[in-house]
Amino acid sequence: WGYSLDQAIRSGIENPDSAIGLYAGDAQAYTLFSDLFKKVIQSYHKSQDTHVSDLGPIELEDLDPGKEYILSTRIRTARNIKGIPFPPHMDDQERTLVEKRVTGACRHLPPGLAGVYISLENLDTETQNRLRAQKLIFPKGDRFMEAAGVNRGFPKGRGTFISRPGDPKSPGNPIFMIWVNEEDHLRIISMETSSNIARVFNQLARGIQSLSTSLEFALDPLYGNLTSCPTNIGTGLRAGVHIRLEKLDKKRQTLERIVRAHHLQIRGTGGEKTRVRKAVFDISNKHRLGKTERQIILDLHQGLK
Ligand code: ADP
Ligand code: ARG
């Protein structure tokens with residue numbers, strides 16, 4: 001589809017401080033440039049296993065019902081629609097097509113997950129700021145995504161489908177949403193202001209299962225779900241919490257040791273490549289390939305405990 005090796009490595013060339021520096025503009029990039037992608041994938045995910053999925057319901061104890069440490073839980077996955085180039089290589093028309101297909105599929109979500117689609121085009125600044133503070137919409141991508149071509153035409157053809165299952169006053173105030181045409185065609189997200197990881201995961205799994213019946217996703221027999229960034233293949237799952245660790249904040253080496261031992265990663269309070277503020281860490285699984293979704297959630301729960 002005309003996506004070149006030069007385009008695949010451009011973000012890494014322009015940003016020598018990249019952790020990965022490689023992007024796929026379509027599903028074929030993974031086979032066409034497999035010599036390179038294979039090495040990057042093995043080194044990031046530490047796995048040579050074939051992708052296996054398990055989205056069955058999970059039961060787990062709530063780690064911190066009193067919210068002493070854990071402020072919120074967010075679990076997301078990434079998907080791209082089969083037959084359409086990925087965000088680094090798609091054009092305006094293809095973005096509009098993805099919006100149409102996703103909003104169409106959202107009409108078939110189970111009643112608890114039904115909601116509305118908010119286009120990022122023509123949003124006034126006040127609404128934008130409010131939705132951004134609530135983490136419901138996404139900003140234009142950073143310099144890594146810029147160099148990869150993901151930001152072209154922003155905010156045209158981008159938006160968020162948002163549903164608010166249940167009563168906004170119910171425990172944890174659960175939210176289910178889909179970011180459309182951010183780094184991937186779909187970022188499917190489930191979150192709530194609690195440490196009830198199982199509930200957040202089960203809601204996400206219901207959403208994924210419903211969307212998978214209406215949309216055909218780009219899937220590889222070995223790598224599972226294919227994504228713009230090779231760090232997100234496989235399950236595409238990033239399951240994490242915002243956790244306030246005031247004492248470990250002063251013992252970063254100890255924290256990093258624990259996190260590494262459980263194959264987790266630390267991100268900043270505002271997301272990837274941001275700073276940790278007021279000792280609120282974003283702790284989530286690092287690898288998305290080589291374990292089922294269920295195993296990733298169980299390992300996260302154990303590590304946090
Ligand atoms: P992604 O998870 O989509 O790869 P980021 O790490 O940039 O990307 O996170 C996206 C947004 O989600 C950021 O605004 C970040 O602060 C927010 N976020 C991440 N984890 C949580 C959480 N557990 N609770 C609340 N917000 C979160
Ligand atoms: N391309 C960036 C880098 O190599 C980000 C990699 C992982 N994050 C992502 N959002 N895909 O540092």
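Given the structure is predicted, the values throughout are model-derived calculations rather than measurements. Heavy atoms only: backbone and side chains are in, while hydrogens, waters and symmetry mates are out.
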Answer with yes or no whether the side chains of [Y] and [X] bring together a donor and an acceptor at under 3.5 Å.
X	Y	answer
R79	N225	yes
E293	S53	yes
S228	E183	no
R132	Q134	no

Could you tell me whether the side chain of [Y] reaches within less than 4.5 Å of the side chain of [X], counting heavy atoms only?
X	Y	result
T193	K67	yes
Y44	P230	no
E146	K140	yes
K39	Q42	no
Q209	L55	yes
Q265	S284	yes
I188	L204	yes
R267	R238	yes

task: State which residue, out of E246, K247, R252, fulfils the side chain to side chain contact (heavy atoms under 4.5 Å, CB included) condition with D249.
output: R252
Is there a path of hydrophobic side-chain contacts, each under 4.5 Å between heavy atoms of I/L/V/M/F/W/Y residues, joining [Y] to [X]?
X	Y	answer
I75	F176	yes
V150	I189	no
V180	I208	yes
I84	L219	no
F37	I13	yes

- prompt: Remaining members of L71's ILVMFWY cluster at a side-chain heavy-atom cut-off under 4.5 Å?
  reply: V280
Nearest heavy atoms of [X] and [Y], plus distance in Å:
X	Y	answer
P16	E14	CD-O, 3.5 Å
F86	D26	CE1-C, 3.6 Å
P88	G25	CB-CA, 4.2 Å
S11	F144	OG-O, 2.7 Å
N202	G56	OD1-O, 4.4 Å

query: So Y3 and F33, would you call those rings parallel, tilted or perpendicular, with 30° and 60° as cut-offs?
result: tilted
message: Angle between ring planes, H287 versus H263, binned at 30° and 60°: parallel, tilted or perpendicular?
response: tilted
Please report the interatomic distance [atom1]([X]) to [atom2]([Y]), rounded to the nearest 0.5 Å.
X	Y	atom1	atom2	result
H301	I296	NE2	CD1	15.5 Å
I81	E216	CD1	CD	10.5 Å
T254	L245	OG1	CG	12.0 Å
R95	N181	CZ	CG	6.5 Å
F138	M145	CZ	CE	8.5 Å
L22	R10	CG	CZ	13.0 Å

Without swapping roles, check the side chain of [X] against the backbone of [Y] for a donor-acceptor pair under 3.5 Å.
X	Y	result
T269	R277	yes
N80	L226	yes
T235	T292	no
D184	L186	no
Q128	L123	yes
N232	A78	no
S210	G207	no
T227	I233	yes
R288	T231	yes
D64	E68	yes

- prompt: Does K38 make a cation-pi contact with Y223, if we ask for NZ or CZ under 6.0 Å from the ring centre and within 45° of the axis?
  reply: no
- request: State whether W179 and R74 meet the cation-pi test: NZ (Lys) or CZ (Arg) under 6.0 Å from the six-membered ring centroid, and within 45° of the perpendicular axis.
  value: yes
- prompt: Who are the side chain to side chain donor-acceptor pair (under 3.5 Å) partners of D35, not counting sequence neighbours?
  reply: none
query: Is the number of heavy atoms from other residues, nucleotides or ligands within 6.0 Å of OH (Y30) greater than 12?
result: yes
message: The test is side-chain contact (heavy atoms from CB on, under 4.5 Å); show your working for R143 and N15 and say whether it passes.
response: CA-CA 8 Å; R143 64 189 159 90; N15 299 285; 2.9 Å; yes
task: Let me see the working for E192 and R199 under salt bridge (Lys or Arg N to Asp or Glu O under 4.0 Å), right down to the final yes or no.
output: CA-CA 9 Å; E192 61 174 70; R199 191 166 59 201; 2.6 Å; yes
- request: Would you please test Y117 and F161 for ring pair (Phe, Tyr, Trp, His ring centres under 6.0 Å) and show each step?
  value: CA-CA 4 Å; Y117 182 69; F161 173 86; 7.6 Å; no
field: Trace of the side-chain contact (heavy atoms from CB on, under 4.5 Å) decision for I197 with V200
entry: CA-CA 5 Å; I197 297 170; V200 176; 5.8 Å; no
message: Assess the residue pair F217 and L211 against the criterion (side-chain contact (heavy atoms from CB on, under 4.5 Å)); give the C-alpha distance rounded to whole Å, side-chain angles, the decisive distance to 0.1 Å, and a yes or no.
response: CA-CA 9 Å; F217 295 127; L211 291 166; 4.3 Å; yes
- request: Go through the steps to decide whether M177 and S163 satisfy the test side-chain contact (heavy atoms from CB on, under 4.5 Å), and finish with yes or no.
  value: CA-CA 6 Å; M177 62 183 168; S163 76; over 6 Å; no
message: Quick one, K291 with D299, criterion salt bridge (Lys or Arg N to Asp or Glu O under 4.0 Å). Give me CA distance, side-chain angles, the key distance, then yes/no.
response: CA-CA 10 Å; K291 285 184 196 176; D299 290 351; 2.7 Å; yes
